[in-house]
Structures are given as structure tokens and as C-alpha cells.
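Just below is one structure, and these are the notes that go with it.
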Amino acid sequence: MDCSSEHRQMITEPLLSNGKGGIRTIPFILANEAFERLASFGLSTNMIMYLTREYGMDAAQAAQLLFLFSSATNFTPILGAVLADSYVGRYRMIGFGCMASLLGMVLLWLTTFPEARQPLCVHFSHSCNSRSTLQLVHLYTAFGFMAIGAGGIRSSSLAFGADQLSITHNLQRARIRESFFRWYYVTVTASVFVAMTCVVYIQENMGWMVGFGVPVVLMILSALSFSLASPFYVKSKPKASWITGLAQVVVASFRNRSVELSTQATVEVRYHTTGSMLPVPSKRLRFFNKACIVGNPQVDVTPDGNALDPWSLCTVDQVEDLKTLIKVIPIWSSGMLMFVNVSQGSFIVLQVSTMDRHITSKFEIPAATFLSFAVLVIVLWVALYDRIIIPLVSKIKGQPVCLGLKKRMGIGILLSTTSMAALAIAESVRRETAIKEGFSDRPDAGLHISTFLFLPFLALSGVAEAFTPIGQNEFFYTELPKSMSSVASTLNGIGMSVASLVSSFIVRAVRDLTTVEGQESWVSSNINKGHYDYYYWLLASLSLVNFLYYLACSKSYGPSMEEQRDIVADESH
């Protein structure tokens, strides 16, 4: 069969035997995710300006709120994944997420109405009063629903799309599923870029009411695009989640803590599932081995071979899954501070807003849009690295060349450290310029200095993100067993959530420790009197320490699966 005829067959025949799912459902799922990302990032990117201008918050207070919102937005998909897998199913979870996100965005849009807003404040200053408690509760409720909605959609969208293509025996159709994953990430990246440019531009030039109304319309389109294909979706039933399986090992190990482990592997009877490739558990973290020891086969195991109480007896595979997860945690934690560095965008928007952002005499880039340069760098670097650098080096050396995952993660962490040093230098120059031009007490005054001073930071930060987070994702997928692929996909999300909390803690600590009588704190609302350059140098120093920590973690981890394969390949030659 030629390619054209096979292509026609895929179009005319459903990918699933029951007529459900298939490629016809994928555009609706991608559209749902794209519109949701457009709406949410269109709101969050420029939110620091809204909070300081319209809510009278100082820079540190607004940043802390956004750090907490970011943490919640990255953590709720973990809860959503557990609920979807174990109780409600992915279809219902996405539908619930759409409704929650839409409600949150409508509530946030309502804060822009004249009846709900104060007279316009001059941001960075103390010339306006804070909002009332009721107004703040309204704002926080909107953020809460948006975070819950993001958890519902982002936890299940990718897996739900894969469900539509999951039943296949044709190689070409399997490639369609692989292509879906690539297009999913392309869609997400493109949506974030459009949100940081077009939606932010509307907010800056047409006001907050229109600027926040656009995401509401986009979210309505997101919900509609998902619901239109509802009759055609494959709706898989919930099953036990990976978190439940790991929790069972911990509980079973504790319950069986009195069991004595034998030094001889043949003495003990261990519980296995059919087709298990692990006859005995490994010797590391031996305490957890107690979870899979069968004390009395007549009592612990049912006649059909299942554990009578899965919270008292687990399989060898479950035990090894938990051990593998614990093993990668140090590597995972070393990437957390990089996410802290990436999350400093709110402060950068405040600083860039005072600088010359003109590309031409008539066109000025919105301050929040400036951050989209980092997204562009990520896309360009991934394409350059994958399509030009690696093939060119491989051709020069005469053999396939691939930079190891550990090296890629280390390079990214080091580049992130360098980016914070570049940011500290850029902010120092910006601050000195403001003081020389006599704007010490006017933090909102426009400066005669180009915003492109911050481009080295954005370039280094973008390349760092292309190395470490992508490398971490691949590392987790490689090291964790296939049964834990969903765990691998959520680890970075958990890392970003924790990093946002760490960012909030650092900002509060810096503000409290550097605020002395008669002197502004480093993260003062008056960015010309504060010392954000010192704050960035602090993050650069912490990042350097973190790089050394990563080197120690990488060495103690031992050979990765990738390195073991390379060793075997070298020995075979």
C-alpha cells in the first residue's frame, strides 16, 4: 500500500474499532488546551502591573501573591491527575476544569468594572489606598477558581488525547499518536507566546476591561471546542492511581515492620504480578522489601492470586517503583532553584516598564511581552540543537553524537546561574541610570536606557530552560519504569509548584531582613531606591551552590540507564 492510499484509509476508517476516538477528536482536544493556555497566560503575564496599579499592592506583596498563585496552578494538576485516574475519569475532569477556569476568569474580569475598582493608582508609589477586604476576597476567589480549573484541564488533557489513539496495531497509526505528543507541546508553546504578545498588547492599549474580557471569550471557546466532540470521545474508566500504589508500599512496610528480612533470597516468598520481570527486590532501601513478603500464602493471597489486603501486601514491582522514585528525588530537587530563577518575571516586568521599549519610533513593546523573548529562544535553540548542531557534530566526528542527559541538566543549571548574574548586572546599570537622571523618588519615570539591556538574561535563561527542564523530563522517563510514566510527567510540575513557594519565602525573608529604619528593602516598591541587583546576586550565589549540589547528586546517583547502555555498546565494539 502506498503512502497516499494508507493516508486515505486512516481518514476514512476510525482508529478505534468501536467508532469512538481517533484523529477526528484530536483537533478539539488541542483547541481546548490552546485556548485555555491563551486565556490563563494572557492574564498571569501582565498581572503584576494590574495588582500594583489597581490594587495598590507593593511590588513584593504582589509578587508573593503571584508566586502562591503559580504554586497552586502547578500543584493542582497533580491532584487533578489523582482524582481523574482514581475516581471521576479524565473526560469529566477536563469538563470540570473548563467550568472552574471560566468562572474564575469571569470573576477576575468583574474586578475591572468601574463599580469594583478604585481610582487609578500610580504603581510603585504609596499614593493610593489598598483595596477593601471584600475586594481582596473577590480577587483571591478568582485566582482560586483559575488554579482549580488549570488543575482539571492540564492534569488530563495530554493523557485524554492519547486515550483517543491508544488502541492501535498499525505502525502508521502509532506514529500518529507520537505526532500528537509533539503537536501538543508545539500548541502549548505557541499559545503561551501569543498570550504574552497579543493579549498583553490589548491590555496595554485597550485597558483592563477589554484586556481581561478577551481571556473570558477565549475560555468560552476552550469549553465549546471540548464539548463539541463529546459524542466521539473514548472515555476511559477510572482506575487505581500511581500515588495510591506508592502509598500502599509505605503503609505495608510500616505494618510489616516486625518482619525479619533474610539474607538469603530463596528463603522468603515474595508477591508478584503475572508477567513480572523482577523475581526479587533490590538490596537498596531494604526496609521497603517488607511490603512484598508473603507471611502466610493461605491468608495473605486470594485463590485467584490477588493480595487480600493491598495495604498490607504489595508486589515486588510496586516496591521497586517507590525505590526508583526515591533515587531520582535528589536530581529532581537540584532543578528546583532554576525554576525559582525563571519565576522572577514579575519583578522584571516592573523594571522593564520604566525603560525605553521602542522598536520603531511609533511601536513600543509592552513590558510583559518582553518576557516572550525567552520563549522564542527556547524554541529556536531546540530547533538549532536538534536539527543543526547535533547532526553537524556527528558528521564531523563520523559517528552519532548525543550530549548525555546528566550533562545537559548540569549545563542548564550553570547557564541559569550565569543568567542571574547577567540580570543583576543589567539591573545595576538600570538603577544607576535612574539615579543619575534624578529619578530616585520617581520609580515610574521613563528612563533613557534601552530595555534590550535585559536581553542577555533572557537569552541565557531561555537556553537554560531548553537544557534542564527538557533534559529532566527525558531523564525521568528514562530512569523510571514504564508503569510510572505518569509520575515522570508530573515531577517537573511539582518542582515548579515547590519553587514558587520557595520564591515567595525568599522574597519575604529578603524584605524582612533588609528593611531597616530609614532605608528601603532590597525588594522595595520604589525600584530605584531598592536594590534588586543585590537580590539577583543572592539568587546567583544560591544557584552556584545549587550547581555544586547537582554535581554531588549526579555523582552519587551512579550510572544512569543511558550511561549503562553506552557502556554496554562500547564494550560490544
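Basis for what follows: all heavy atoms, side chains included, without hydrogens, waters or symmetry-related copies.
Among the candidates F28, F96, Y91, F35, the single residue satisfying the ring pair (Phe, Tyr, Trp, His ring centres under 6.0 Å) test with F226 is Y91. Residue N341 is tested with S419, S503, S416, S461 for a side-chain hydrogen bond (donor to acceptor under 3.5 Å, both in side chains); the sole match is S416.
Interatomic distance, D300 CG to T302 OG1, rounded to the nearest 0.5 Å: 11.0 Å. Residue I378 holds its CD1 atom at 11.0 Å from OG of S372, rounded to the nearest 0.5 Å. Note that the OG1 atom of T25 and the CG atom of L30 stand 9.0 Å from one another [nearest 0.5 Å]. Note: Q344 CD to I506 CD1 = 7.5 Å, rounded to the nearest 0.5 Å. Between atom CZ of residue R255 and atom OG of residue S253 there is a gap of 11.5 Å, rounded to the nearest 0.5 Å. Atom CE of M336 is separated from atom CD of Q472 by 9.0 Å, given to the nearest 0.5 angstrom.
The side-chain contact (heavy atoms from CB on, under 4.5 Å) test applied to L501 returns L68, S71, not counting sequence neighbours. Every residue two or more places apart in sequence or in another chain that forms a side-chain contact (heavy atoms from CB on, under 4.5 Å) with A374 is listed here: L458. Residues forming a ring-ring contact (aromatic ring centres under 6.0 Å, His included) with Y536 (at least two apart in sequence, or on another chain): none. Taking the side-chain contact (heavy atoms from CB on, under 4.5 Å) definition, one finds that P391 meets it with nothing, sequence neighbours left out.
Annotation: side chain of L542 is not in contact with side chain of N546 (no heavy-atom distance under 4.5 Å). In this structure, P469 and M496 have side chains that are not in contact, with every pair of non-hydrogen atoms separated by 4.5 Å or more. Side-chain contact between L551 and K555 is absent, with no heavy atoms from C-beta onward closer than 4.5 Å. You'll find the side chain of N492 reaches within 4.5 Å of the side chain of F476, heavy atoms only. Using a 4.5 Å heavy-atom cutoff, the side chains of C292 and P281 are in contact. Side chains of L285 and L322 form no contact here, defined as non-hydrogen atoms less than 4.5 Å apart. Using a 4.5 Å heavy-atom threshold, the side chains of L65 and Y140 count as touching. The shortest distance between side-chain heavy atoms of I94 and N32 falls below 4.5 Å.
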Go through the steps to decide whether F69 and M146 satisfy the test side-chain contact (heavy atoms from CB on, under 4.5 Å), and finish with yes or no.
CA-CA 9 Å; F69 173 61; M146 288 168 60; 3.9 Å; yes

Before giving the answer on side-chain hydrogen bond (donor to acceptor under 3.5 Å, both in side chains), spell out for S282 and E320 the whole-Å C-alpha distance, their side-chain angles and the decisive distance to 0.1 Å.
CA-CA 7 Å; S282 62; E320 288 305 303; 3.0 Å; yes

Could you give me the CA-CA distance, side-chain angles and deciding distance for T244 and W311, then say whether side-chain contact (heavy atoms from CB on, under 4.5 Å) is met?
CA-CA 10 Å; T244 303; W311 293 92; 4.0 Å; yes

Could you walk me through whether F373 and F457 satisfy the ring pair (Phe, Tyr, Trp, His ring centres under 6.0 Å) test, starting with their C-alpha distance in whole Å, then the side-chain angles of each, then the deciding distance to 0.1 Å, before giving a yes or no?
CA-CA 10 Å; F373 280 104; F457 157 73; over 10 Å; no

Report the C-alpha distance between S500 and F339 in whole Å, list the side-chain angles of each, state the deciding distance to 0.1 Å, and finish with yes or no for side-chain contact (heavy atoms from CB on, under 4.5 Å).
CA-CA 8 Å; S500 296; F339 291 128; over 6 Å; no

L337 vs V340, test: side-chain contact (heavy atoms from CB on, under 4.5 Å). Steps then yes/no.
CA-CA 5 Å; L337 199 61; V340 171; 4.0 Å; yes

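Within the structure, the salt bridge (charged side-chain N to carboxylate O under 4.0 Å, His left out) test picks out the following pairs touching residues 394-409 (sequence neighbours left out): K406-E563, R408-E474. The stretch residues 89-101 participates, sequence neighbours left out, in these salt bridge (charged side-chain N to carboxylate O under 4.0 Å, His left out) pairs: D85-R90, R90-D163.
With ring centers used as reference points, F347 lies under 6.0 Å from Y535. Taking the six-membered ring for Trp and the full ring otherwise, the centers of F160 and Y233 sit less than 6.0 Å from each other. Aromatic rings of F193 and F41 (six-membered ring for Trp) have centroids beyond the 6.0 Å cut-off, not under it.
For the pair R508 and F505, the cation does not sit on the ring face, since its NZ or CZ is not both under 6.0 Å from the ring centre and inside 45° of the axis.
Other residues, nucleotides and ligands contribute more than 12 heavy atoms inside 6.0 Å of the CZ atom of F287.
Under the 30°/60° scheme for interplanar angles, the aromatic rings of W381 and F467 are found to be tilted.
Of all non-hydrogen atoms in I148 and A100, the two that sit nearest each other are CG2-CB, 4.2 Å. Listed here is the closest heavy atom pair of R154 and S40: NH2-OG, 2.9 Å. Heavy atoms only, all atoms of each residue included: I413 and S334 are closest at CD1-O, 3.7 Å.
Looking at R37 and S157, their side chains never bring a donor and an acceptor atom within 3.5 Å of each other.
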